[in-house]
Student: 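First the structure, then my questions, so here it is.
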There are 2 protein chains.
Amino acid sequence: MTHPNATATRPEVAAVSCTHSDTTARFFRALSDPTRLRLLEFILAAERTSAECVEHVGISQPRVSVHLSCLADCGYVIARRDGRKLRYSVGDPRVAELVTLARALAADNAAALDCCPRIPPKSSANGDAR
Amino acid sequence: MTHPNATATRPEVAAVSCTHSDTTARFFRALSDPTRLRLLEFILAAERTSAECVEHVGISQPRVSVHLSCLADCGYVIARRDGRKLRYSVGDPRVAELVTLARALAADNAAALDCCPRIPPKSSANGDAR
DNA sequence: TCGTAGTATTCGGCAAGGCGGATAAGTCAA
DNA sequence: TTGACTTATCCGCCTTGCCGAATACTACGA
């Protein structure tokens with residue numbers, strides 16, 4: 001599913017509205033998790049196997065499997081069978097564009113970008129953070 | 001504040017690593033909420049007051065206030081006083097670029113983009129969706 | 001000064017979603 | 001077919017973060 005390229009889309013602003021926002025937000029959500037983003041960046045650099053991904057991010061294999069499936073469903077990466085392994089790669093060059101652009105913006109605002117520091121001033125005890 | 005260009009920021013994929021990912025993920029998180037994304041798109045089209053934003057998204061004023069503060073902290077929008085109102089606008093052209101790019105990608109993958117439909121097959125009762 | 005409009009913060013509640021561990025399901029070599 | 005290996009699903013647990021309502025704070029006008 002999801003033919004990798006085939007795309008022809010070109011950036012065209014305007015014509016927003018609609019529940020298009022919901023879909024796009026969903027799209028962003030996939031990248032809003034540090035682990036998934038790390039995985040995407042890792043795969044962006046080169047084709048990777050699941051095992052490599054597991055080692056790279058350091059969480060359990062089942063979790064990585066879910067994350068990779070998520071990235072694949074969203075069209076960020078493509079899975080390819082190689083023997084009994086799966087190799088993941090990024091098929092759409094716009095993905096790199098998107099990440100690069102976001103990284104640039106984030107870097108510029110990194111200063112104030114504790115983002116939503118106002119939201120979780122709750123909680124108590126528990127010093128384990130993560 | 002926040003000079004649009006200013007800092008380096010040149011597209012260079014790979015060679016990322018670092019906890020840069022965390023910051024960037026944080027950045028994406030701001031756009032991963034449909035309400036916030038809707039607000040950003042709304043403001044992207046024209047400068048808006050808080051009241052307009054509240055009406056546009058249809059949730060409580062306190063919530064909108066938090067969302068707008070979040071967007072401002074992340075550098076997506078800029079707040080400007082006008083009388084006793086606040087007017088929000090987008091100061092960095094790259095924000096529009098980012099949204100446009102994401103929208104294009106999301107549209108292309110919208111088909112399979114139920115994104116993480118595999119994650120919440122739990123729960124029961126309660127048919128209130130979201 | 002006081003009153004009002006506009007904005008921000010606090011609070012309790014609740015769903016979404018990330019995590020590890022156990023385990024099922026699929027894939028290939030002998 | 002069996003066994004080894006790789007990947008995906010299920011499970012309970014727990015944190016994150018969104019929500020409305022109440023309310024405090026701030027800026028401006030009279």
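Below, read A as the first sequence line, B as the second, and so on, with proteins coming before strands; counting in each chain starts at 1.
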Student: Go through the steps for A/Arg63 and A/Val66 under the test side-chain contact (heavy atoms from CB on, under 4.5 Å), then give the verdict.
Tutor: CA-CA 5 Å; A/Arg63 273 295 102 198; A/Val66 170; 4.1 Å; yes
Student: Just report the end-to-end axis angle for the helix from C/dT1-D/dA30 to C/dA30-D/dT1, five pairs per end, to 10 degrees.
Tutor: 30°
Student: For C/dG17, take OP1 and OP2 only and decide whether either is under 4.0 Å from a side-chain N or O of A/His67.
Tutor: no
Student: Under 4.0 Å: is that the gap between some side-chain N or O of A/Arg63 and OP1 or OP2 of D/dA8?
Tutor: no
Student: Taking all atoms of both residues into account, what is the closest heavy-atom pair of B/Leu98 and A/Phe28, and its distance?
Tutor: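 Answer, listing the atom of B/Leu98 first, then A/Phe28: O-CZ, 4.4 Å.
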Student: With sugar-phosphate meaning primed atoms plus P, OP1 and OP2, does B/Ser65 contact a base, only sugar-phosphate, or nothing at under 4.0 Å between heavy atoms?
Tutor: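 It contacts base atoms.
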Student: Output all residues satisfying side chain to side chain contact (heavy atoms under 4.5 Å, CB included) with A/Arg80, sequence neighbours left out; order by chain, then residue number.
Tutor: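 So A/Arg80 forms a side chain to side chain contact (heavy atoms under 4.5 Å, CB included) with A/Glu47, A/Asp82, A/Arg87.
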Student: How close or far is atom P of D/dC28 from atom NZ of B/Lys85, stated in whole angstroms?
Tutor: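 Checked: the NZ to P distance equals 13 Å.
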Student: Please state how far atom CZ in B/Arg38 lies from atom P in D/dC19, giving the value in whole angstrom units.
Tutor: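 Taking CZ of B/Arg38 and P of D/dC19, I get 11 Å after rounding.
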Student: Is any side-chain nitrogen or oxygen of A/Thr35 closer than 4.0 Å to OP1 or OP2 of C/dC19?
Tutor: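 Indeed, a polar side-chain atom of A/Thr35 lies that close.
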Student: In whole Å, I'd like the distance from the CZ atom of A/Arg87 to the P atom of D/dT6.
Tutor: 11 Å
Student: Looking at residues at least two apart in the chain, or sitting in another chain, which of them share a ring pair (Phe, Tyr, Trp, His ring centres under 6.0 Å) with B/Tyr76?
Tutor: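 Once residues adjacent in sequence are excluded, the partners of B/Tyr76 under the ring pair (Phe, Tyr, Trp, His ring centres under 6.0 Å) criterion are B/Phe27.
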Student: What's the closest nucleotide to the side chain of A/Val66 if the choices are D/dG17, D/dC18, D/dT9?
Tutor: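 Looking only at heavy atoms from C-beta outward on A/Val66, the closest nucleotide is D/dT9.
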Student: Round to a whole Å and report the spacing from CZ of B/Arg36 to C1' of D/dC18.
Tutor: 9 Å
Student: Could you state the CG-C1' distance from A/Asp22 to C/dA16, rounded to the nearest angstrom?
Tutor: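 Atom-to-atom, A/Asp22 to C/dA16, this comes out as 15 Å.
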Student: At what distance, to the nearest 0.5 angstrom, does CG of B/Leu68 lie from CZ of B/Arg36?
Tutor: 10.5 Å
Student: Choose from D/dC18, C/dT7, C/dC19 the nucleotide whose nearest atom is closest to any side-chain atom of B/Ser50.
Tutor: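 Within the option list, the nearest is C/dT7.
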Student: Name every donor-acceptor pair, under 3.5 Å, that has one atom in a side chain of residues 49-60 of chain A and the other anywhere in the protein, sequence neighbours excluded.
Tutor:
residue: A/Thr49; atom: OG1; partner: A/Glu52; partner atom: N; Å: 3.1
residue: A/Glu52; atom: OE1; partner: A/Thr49; partner atom: N; Å: 2.8

Student: Roughly how many Å is it from CZ in B/Arg26 to P in D/dT16, rounded to a whole number?
Tutor: 10 Å
Student: Over how many whole Å does the gap from B/Leu86 atom CG to D/dC28 atom C1' extend?
Tutor: 13 Å
Student: Is there a donor-acceptor pair under 3.5 Å between the side chain of A/Ser65 and the backbone N or O of A/Gln61?
Tutor: no
Student: Is B/Arg38 salt-bridged to B/Asp33, going by a charged N under 4.0 Å from an acidic O?
Tutor: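 Salt bridge between B/Arg38 and B/Asp33, a charged N being under 4.0 Å from a carboxylate O: no.
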Student: Classify every nucleotide of nucleotides 22-30 of chain C by which part a protein heavy atom approaches to under 4.0 Å, writing B for the base, S for the sugar-phosphate alone and - for neither, in 5'-to-3' order.
Tutor: B----BB--
Student: Let me know the distance between CD1 of B/Ile59 and P of D/dA21, rounded to the nearest Å.
Tutor: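 The answer, rounded to whole Å, is 12 Å.
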Student: If you compare all heavy atoms of B/Asp22 against all heavy atoms of A/Pro34, which two are closest, and at what distance to 0.1 Å?
Tutor: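 For B/Asp22 versus A/Pro34, the nearest heavy atoms are OD1-CB, 3.6 Å.
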